[in-house]
Visitor: 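Can you read through this structure? Questions will come right after.
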Amino acid sequence: MIRYKNILLQLLALLLIVGLILSFPIDANAQKKAKSRLKVYYEKLENSDKKLSIILTQGSGKKIKGIKDAAILLLTYNLDEEVELASLTTDANGEADLYIQADYSFPQDEEGFTVINASYIGNDSIKSAKKRIKFKDLDLDISFEMVDSVKVLTLSTFKIDSVGNKIPIEDIEINIGVKRLFSTLFLEKTETNENGKGTLEFPNDIPGDSIGIINVVALITDDDTYGTITKSATVNWGVPVDYFEKSNGRSLFGDEAPLWMIISVFIILVGAWYHFVLAILRLIKIKKLSPNRLKNMDASTE
Amino acid sequence: MDTYNKNLMQEFVPNIERPSKKWVLGVGLLVIIVLWGVYALIRQILDGQIITGMRDNVVWGIYTANFVFFMGLSYAGALISTTFHLLRIQWGKPILRMAELLTVSSLIVGAPYILFCLGRLDRIHYLFIFGRIQSPITWDVIAIATDLIFCVAFLYFTHIRDFAKLRDYPNLKVAPWRKKLYGFLALDYQGTELQKKQLYAAHDVMAAIIIPTAIIAYSLLSWLFGMSLRPGWHSTIFGPYFVVTATYSGLALLIVIMWIYRKTRNLETYITDKIFNYLAYGLLLLALFYGYFSFSEYLTEWYNLTKPYAKLWDKLTTFQAYGWLNLFHVIFALALPIIVIGVPKFRSVISITLVSLFVVLALWVKRFLIVVPVQETPFIPIEDIRTEYVHYSVSWVELALTLSGIALMILIFTIASKIAPIIPVSDLEEAHGEHKNELKIDTELELS
């Protein structure tokens, strides 16, 4: 009896311990705030507008997910003075973008850097997060030139000083591509020299539009100092391809029916009506072959 | 005229002689229903299509469902009658005329329905003036016109020998003008070998050309839908699917017509249980084919559901939308025929006829489900959200024209079977002669 009592007590004690272990982490989790992570990217767009992209996430690895409806404050600094750039709200993926017009100049420090501070204050379940980036302004130009029947593409990287002079920037890696229907087709890389110039020979077999126009894209990707810069320009260096004519050729909404269709309809109709006429001719013969008619004919012949 | 032929004529001639009061009353009632439809059509032309249930989104309502349905019946009738003729199927001879009448009557009734959908009937001639050969509408106009002419001609060809018999039948109690008409339509046919040869050749040529014409014409009708990119219509199997559905519904209606004539005219000797059973096997086979096509069509669409098709699928399976109609169609066009005809215990003339009647109704519902829910589910969301714009409902005008179409079809059958026997007497006589010859040859072989 005592033995059973002991076993029962031991089981109760075990259950109590297990219960405590299971309940402890749940309570602990409820009180522990999730870490958040803030990323900020600077990009100079094709039309020289600037873009700041914000991504706010929580979790890690496969469990990473965006934090939606979070308020992000963007600040910049004019010498020591704090300037509020914007306050953004993240979307369902935890993303928010700020577009800044080309004519707006960011405040810069003595070295020419622009500093951006992004901050998220957090909430009851998510911790606050901050991110600071700094970048310099840079301009990118594309020019096209034919040298002895060779298509030469020249890229220039420079910055403009306070009096409007172009100061070349060297050692910048630039990707070259052409815009296709869904994305950019990258072709080659080049690096600018001490004059801020990078040249490359452009291929002759890139398909263009109906008159050979292609859209060439130059891209500096996530440079430590200058961020991401895109520039594009059109040139008549592609192989002309008439896409519209090809798709129109297959369709039936054009002004003229395809030849195969006209021939098919003609054959079917002529075939059907020819047989119909054959059948009708046989009916006419029935009347002609009537014994009464034949007798009359014989009589008239006699 | 031998005894068998004499008896046949004695049996069938009273039906085409002076009409009874009951017949006149029935025809009168049918004419009233047809006139109701004519009145509805006049109102539609005068008041515009606003008095129908059709609006900006559903521009093809019950009229187009009727059009597809009746055209299907016609093509089925043509396929059955011409195939039976070409294959010389002896047991099917008593029902050939019914199949031919089904073809012509449903073509006459069905074709105008597509015109009722037109907002500007006064511009109908533009179709011929400005018609483009690459348009499915033009294909259909050409195909239906050709088919109608061929089928009317075929119907006439099959009547020539019976007209000759009626012309030569002594004491035929009909008006003198009808006797003259029989003489004129009989083309002086006397049944000589030379005349027979010409008539049979003409008959064979027409039968052979009608089969591909019917298949092409109904496939073209399906392409009216298939050439559109709408979910539920844009399908590569619509051609054969429509042809199978048409044959299925036409055969089912033929069985119902057979049963009505068998009951009302006491034709049990000619329209035998054997014919019902054989046609029921055909119906079962078509039910299986139809099920296969339906499954294939739905499976391929459902497996890669696009957003618009998902909406359509939802409407077809939700009982608040078209779920009940779809269920009705599945039970009566797929499950019931397979169970009732497939299990010998359930198979009888009555059960076959009832199942056929339900198949006809279910396949009309199927046509409605092809036409209406698809138009209620366009790619671009409907902007005008008034209920009558979003959901189609049948108005009294459309109902009147539908009922008058059915009445007109019955009227054509009633009048046609008053002009010539509903059973092709000459064909039966020929079948009897061939049977006698076969017996004679068998006896001679046994004796030798």
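Within every chain, numbering begins at 1; the chains are lettered A, B, ... in the order of the sequence lines, protein sequences first and strands thereafter. Basis for what follows: all heavy atoms, side chains included, without hydrogens, waters or symmetry-related copies.
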Visitor: Does atom NZ of B:K179 have more than 12 heavy-atom neighbours from other groups under 6.0 Å away?
Guide: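 Yes, NZ of B:K179 has more than 12 neighbouring heavy atoms, counting only those of other groups under 6.0 Å.
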Visitor: Less than 4.5 Å to any heavy atom of chain A: does that hold for the side chain of B:T192, its backbone, both, or neither?
Guide: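 Just its side chain gets close to chain A.
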Visitor: Considering only heavy atoms from C-beta outward, does the side chain of A:I286 approach that of B:D188 to under 4.5 Å?
Guide: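 Counting from C-beta outward, A:I286 and B:D188 never come under 4.5 Å.
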Visitor: Please classify the contact between B:L187 and chain A as side chain, backbone, both or neither, with a heavy-atom cut-off of under 4.5 Å.
Guide: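 For B:L187, backbone and side chain are both near chain A.
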Visitor: Can you establish whether the number of heavy atoms outside A:F186 located under 6.0 Å from its atom CZ is more than 12?
Guide: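 Count over threshold, so yes.
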Visitor: With only heavy atoms counted, which part of B:Y200 is less than 4.5 Å from chain A, the side chain, the backbone, both or neither?
Guide: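 It is neither, since no heavy atom gets under 4.5 Å.
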Visitor: Are any of the side-chain heavy atoms of B:I209 and A:W273 separated by less than 4.5 Å?
Guide: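 No, their side chains stay 4.5 Å or more apart.
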Visitor: If you compare all heavy atoms of A:A279 against all heavy atoms of B:A202, which two are closest, and at what distance to 0.1 Å?
Guide: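 Heavy-atom minimum between the residues: O-CB, 3.6 Å.
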Visitor: With a 4.5 angstrom heavy-atom cut-off, which part of A:L281 approaches chain B: side chain, backbone, both or neither?
Guide: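 Contact with chain B involves no heavy atom of A:L281 at all.
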Visitor: Considering all heavy atoms of both residues, which atom of A:P291 and which atom of B:Q195 are nearest to each other, and what is their separation?
Guide: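 Shortest heavy-atom separation between A:P291 and B:Q195 comes out as CD-OE1, 4.1 Å.
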Visitor: In Å, rounded to the nearest 0.5 Å, how long is the span from CG of B:L194 to OG of A:S290?
Guide: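 Reported to 0.5 Å precision, the distance equals 11.5 Å.
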Visitor: Are A:L283 and B:I160 side-chain neighbours, meaning at least one heavy-atom pair lies under 4.5 Å?
Guide: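 When only atoms from C-beta onward are counted, B:I160 and A:L283 do touch, with a gap below 4.5 Å.
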Visitor: Could you have a look at B:P212, B:A201, B:A208 and say which one has the most heavy-atom pairs with chain A under 4.5 angstrom?
Guide: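 Of the candidates given, the most pairs with chain A belong to B:A201.
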Visitor: Any heavy-atom pair between the side chains of B:F154 and A:F276 that's under 4.5 Å?
Guide: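 Sidechains of B:F154 and A:F276: no contact.
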Visitor: Only pairs under 3.5 Å count here: list side-chain donor-acceptor contacts from residues 202-214 of chain A, not counting sequence neighbours, and write none if there are none.
Guide:
| unit_1 | atom_1 | unit_2 | atom_2 | d |
| --- | --- | --- | --- | --- |
| A:N204 | OD1 | A:K151 | NZ | 3.1 |
| A:D209 | OD1 | A:I211 | N | 3.0 |
| A:D209 | OD1 | A:G212 | N | 3.0 |
| A:D209 | OD1 | A:I213 | N | 2.8 |

Visitor: Please examine the side chains of A:M261 and B:W139, heavy atoms only from C-beta on, and report whether any two atoms are closer than 4.5 Å.
Guide: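 Contact flag for B:W139/A:M261 side chains = yes.
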Visitor: Enter the distance from A:I280:CD1 to B:Y156:OH here, rounded to the nearest 0.5 Å.
Guide: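 With rounding to 0.5 Å, CD1 (A:I280) is 9.0 Å from OH (B:Y156).
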Visitor: So, taking the atom named NZ in A:K285 and the one named NZ in B:K197, what distance separates them when rounded to the nearest 0.5 Å?
Guide: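 Result: 9.0 Å between the selected atoms.
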Visitor: Please classify the contact of A:I284 with chain B as side chain, backbone, both or neither, using a heavy-atom distance under 4.5 Å.
Guide: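 Neither part.
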Visitor: Which bit of B:I142 comes within less than 4.5 Å of chain A, counting heavy atoms only: side chain, backbone, both or neither?
Guide: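 Only the side chain of B:I142 comes within 4.5 Å of chain A.
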